[in-house]
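Reading through the structure tokens given below for one structure.
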Amino acid sequence: MYAVTNPATGELVEEIRNATDEEVRAAIARVHQGYSSWRRRPVTERAKIVLRAAELFAERADELAAIMTLEMGKRINEGRGEIGIVVDIFRYYADNATALLADEPMAIRGGEAVITKEPIGALLGVMPWNFPCYQVARFVAPNLVLGNTIVLKHASICPRSAVAIEHILRDAGVPDDAYVNVFASSSQVPWMLADPRIQGVSLTGSEQAGISVAAEAGKNLKKSVLELGGSDPLIVLDTDDLDETVKVTATARMRNCGQSCNAPKRMIVLADLYDDFVDRLTKRVAEYYLPGDPADPDTKLPPLASIAAADEVAAQVETALRQGATLRAGGHRIDGPGAYLEATVLTDVTPEMDAYYDEIFGPVFLVFRAETEDEAIAIANDSPFGLGASVFGTDRDRARRVAERIEAGMVYLNSSGGSQADLPFGGIKRSGIGRELGPAGIEEFMNKKAIRL
Ligand code: NAP
């Protein structure tokens with residue numbers, strides 16, 4: 001069942017029945033059929049439609065932000081911020097469509113060739129709840145520009161976002177057989193993938209969902225892009241403004257109430273700064289104890305996306321404490337019907353504890369002490385994940401050298417957890433396969449056809 005449940009109050013607002021198998025098959029048939037005409041439209045025409053979608057996202061930012069606040073508790077201003085980057089992504093692919101899809105002539109031994117950039121067909125998107133609009137934009141904007149068509153299964157707690165996005169695309173001029181939202185269940189995904197009319201799948205979500213979708217894609221010889229979890233390190237080498245470093249760290253970790261795949265989740269601080277860092281961070285997170293209505297722009301601590309999510313994170317904290325971690329701040333699930341959890345700081349987390357290797361998808365800071373730069377890098381890399389990382393330091397060359405030794409798909413120097421339309425985004429290890437955004441993001445489901453002239 002798809003359902004809207006307000007995580008601030010626990011109130012069930014709306015339930016929507018899942019699509020039947022026939023409805024799902026009909027959706028696949030539509031985007032399969034739509035592919036032949038959508039791909040034949042001139043690139044400039046598709047780009048114009050995608051640009052119009054950017055304008056409509058901008059116009060409807062308040063409406064979309066309010067939906068996300070209701071569905072998954074995102075603070076209203078963060079919701080508006082999310083739509084800002086969505087607009088940017090649609091604009092980026094529209095503005096650069098011609099250049100990104102231009103033929104590439106090649107001199108080859110004994111002659112010449114050209115690489116043409118072609119779509120591959122109808123794709124399936126499986127999307128998460130944490131950024132209900134941004135995640136969809138990363139997959140949909142480049143693929144519509146390229147000429148692929150899409151059937152999209154959104155997270156079951158975000159049906160209103162799913163419908164609002166479909167309306168925008170339709171109003172922008174995307175034909176109803178080029179993009180179709182379907183309220184499919186995750187158990188329908190395997191046979192959707194097996195359907196020969198589907199050429200590939202992009203999933204953003206948890207490791208478990210990634211494993212299942214990648215296995216089905218593999219069995220059916222379908223291309224898959226997986227954007228999965230992370231436990232990003234944030235290394236502090238040195239700083240001439242510790243307060244500012246702590247503030248940036250706290251803000252980045254608390255964005256989206258700690259539910260960002262590429263939030264810094266493990267802070268690794270060199271020994272001479274460690275005690276001071278923990279002390280100041282502990283004081284700063286006290287700002288995030290008071291629960292508030294996510295629709296109120298002054299709220300600092302919104303709920304997590306669901307009661308289940310809050311209970312799960314609280315249980316992870318409890319396990320860490322039982323296994324010997326030290327609680328420096330917060331740690332409590334807040335009484336009441338909402339999905340609230342205090343911002344929490346844990347130290348003394350060791351490899352024997354679950355928290356050391358698991359992703360904690362909520363407002364929890366793990367702080368590690370490193371005696372040397374090498375030890376900081378070793379801790380950073382001692383993770384099954386490899387999504388993003390941050391390095392803070394006053395010496396840019398040193399920070400850059402450290403960045404080069406980190407096992408991650410993205411590293412940010414003196415900033416944390418960002419994302420921008422023209423910068424490739426994605427991870428290695430168990431954080432996923434493939435890239436979104438930037439030029440890389442339009443190449444994943446592209447047939448780079450070599451024509452020998
Ligand atoms: P999730 O439970 O895996 O759900 C994501 C999507 O996958 C939903 O549409 C879900 O459907 C579907 N799904 C779940 N299990 C499935 C299965 N076995 N087969 C097919 N589809 C399945 O993840 P989430 O809790 O929404 O999102 C949080 C996770 O996503 C975190 O680990 C986070 O780090 C990761 N994430 C990664 C990125 C990135 O770019 N790397 C970005 C954002 C989030 P239902 O809703 O119907 O269950």
Side-chain angles (χ1 to χ4, degrees), residues 78 85 128 130-131 134-135 138 204-207 210 226-237 239 245-270 277 281 285 313 316-317 320 343-347 349 351 353-370 373 375-393 399-400 402-420 423-437:
E78 285 192 323
I85 181 159
N130 64 336
F131 290 96
Y134 159 69
Q135 303 294 354
R138 296 196 317 190
T204 301
S206 59
E207 230 182 306
L226 305 171
E227 296 285 355
L228 310 178
S231 189
D232 290 8
L234 179 152
I235 296 179
V236 183
L237 298 170
T239 174
T245 307
V246 167
K247 183 176 155 202
V248 173
T249 304
T251 308
R253 181 66 182 111
M254 291 305 294
R255 190 179 301 137
N256 214 29
C257 202
Q259 304 161 112
S260 304
C261 51
N262 66 332
K265 294 176 183 138
R266 297 176 296 137
M267 322 307 152
I268 304 163
V269 185
L270 286 201
F277 183 94
L281 181 67
V285 300
V313 176
Q316 286 178 293
V317 171
T344 298
V345 178
L346 297 176
T347 57
V349 174
M353 302 174 193
D354 294 343
Y356 189 90
Y357 291 116
D358 290 350
E359 178 184 38
I360 301 187
F361 212 52
V364 180
F365 300 72
L366 308 185
V367 192
F368 298 85
R369 176 192 180 103
E373 183 180 302
E375 194 192 354
I377 295 166
I379 297 171
N381 289 341
D382 188 15
S383 168
F385 298 107
L387 189 57
S390 316
V391 181
F392 283 77
R400 166 81 197 262
V402 170
E404 285 172 9
R405 294 175 61 197
I406 291 183
E407 295 164 4
M410 319 169 267
V411 186
Y412 297 82
L413 302 191
N414 291 313
S415 69
S416 184
S419 164
Q420 64 183 69
L423 184 66
F425 187 109
I428 58 167
K429 294 158 85 175
R430 296 183 80 82
S431 291
I433 299 169
R435 289 291 182 272
E436 291 187 312
L437 301 180

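The first residue in the sequence is number 1, and the count goes up from there.
Closest approach of Val349 to Phe368, counting heavy atoms only: O-CE2, 3.3 Å. Between Asn262 and Gly418, the shortest heavy-atom distance links the atoms ND2-O, 3.2 Å. Of all heavy-atom pairs spanning Ala376 and Leu270, the tightest one is CB-CD2, 4.0 Å. Residues Ile428 and Ala408 approach most closely at CD1-N, 3.7 Å, considering heavy atoms. Considering all non-hydrogen atoms of both residues, Cys261 and Phe425 come closest at SG-CZ, 4.0 Å.
For the pair Lys265 (side chain) and Glu359 (backbone), a donor-acceptor distance under 3.5 Å is absent. Between the side chain of Asp354 and the backbone N or O of Ala320, no donor-acceptor pair lies under 3.5 Å. Within the 3.5 Å criterion, the main-chain N or O of Ile379 finds a donor-acceptor partner in the side chain of Arg266. For Arg253 (side chain) and Gly362 (main-chain N/O), a donor-acceptor pair under 3.5 Å exists by modelled atom type. The backbone N or O of Leu228 lies less than 3.5 Å from no partner atom in the side chain of Ser431, so there is not a single donor-acceptor pair. Checking side-chain atoms of Asn256 against main-chain N and O of Phe131 turns up no donor-acceptor pair under 3.5 Å.
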Inset, instruction - Applying side chain to side chain contact (heavy atoms under 4.5 Å, CB included), run through Lys429 and Phe385 and close with a yes or a no. - result: CA-CA 5 Å; Lys429 294 158 85 175; Phe385 298 107; 5.9 Å; no
Inset, instruction - Start with the C-alpha distance between Tyr134 and Ser419, add both sets of side-chain angles, then the distance that settles side chain to side chain contact (heavy atoms under 4.5 Å, CB included), and finish with yes or no. - result: CA-CA 10 Å; Tyr134 159 69; Ser419 164; 2.5 Å; yes
Inset, instruction - Test Leu423 against Leu437 for side chain to side chain contact (heavy atoms under 4.5 Å, CB included), laying out the working first. - result: CA-CA 6 Å; Leu423 184 66; Leu437 301 180; over 6 Å; no
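Atoms OG1 and CG, on Thr249 and Leu281 in that order, are 7.0 Å from each other to the nearest 0.5 Å. Taken from OG in Ser260 to CG in Leu387, the straight-line distance is 10.5 Å, to the nearest 0.5 Å. In this structure, the separation between CG on Leu226 and CD1 on Ile433 is 5.0 Å, given to the nearest 0.5 Å. The structure places CD1 of Ile268 at 12.5 Å from CD of Glu373, a figure rounded to the nearest 0.5 Å. In this structure, OG on Ser383 lies 9.0 Å from OH on Tyr356, to the nearest 0.5 angstrom. Arg400 contributes atom CZ, which lies 14.5 Å from atom CZ of Arg405 (distance to the nearest 0.5 angstrom).
Separation of the Phe365 and Phe277 ring centroids does not fall under the 6.0 Å cut-off.
Counting heavy atoms from C-beta outward, Gln316 and Val364 have side chains that stay 4.5 Å or more apart. At a threshold of 4.5 Å between non-hydrogen side-chain atoms, the residues Asn381 and Ile406 count as touching.
Using modelled atom types and a 3.5 Å distance limit, the side chains of Thr245 and Thr239 yield a donor-acceptor pair.
The environment of Arg435 atom CZ is dense: over 12 non-hydrogen atoms of other residues, nucleotides or ligands sit within 6.0 angstrom.
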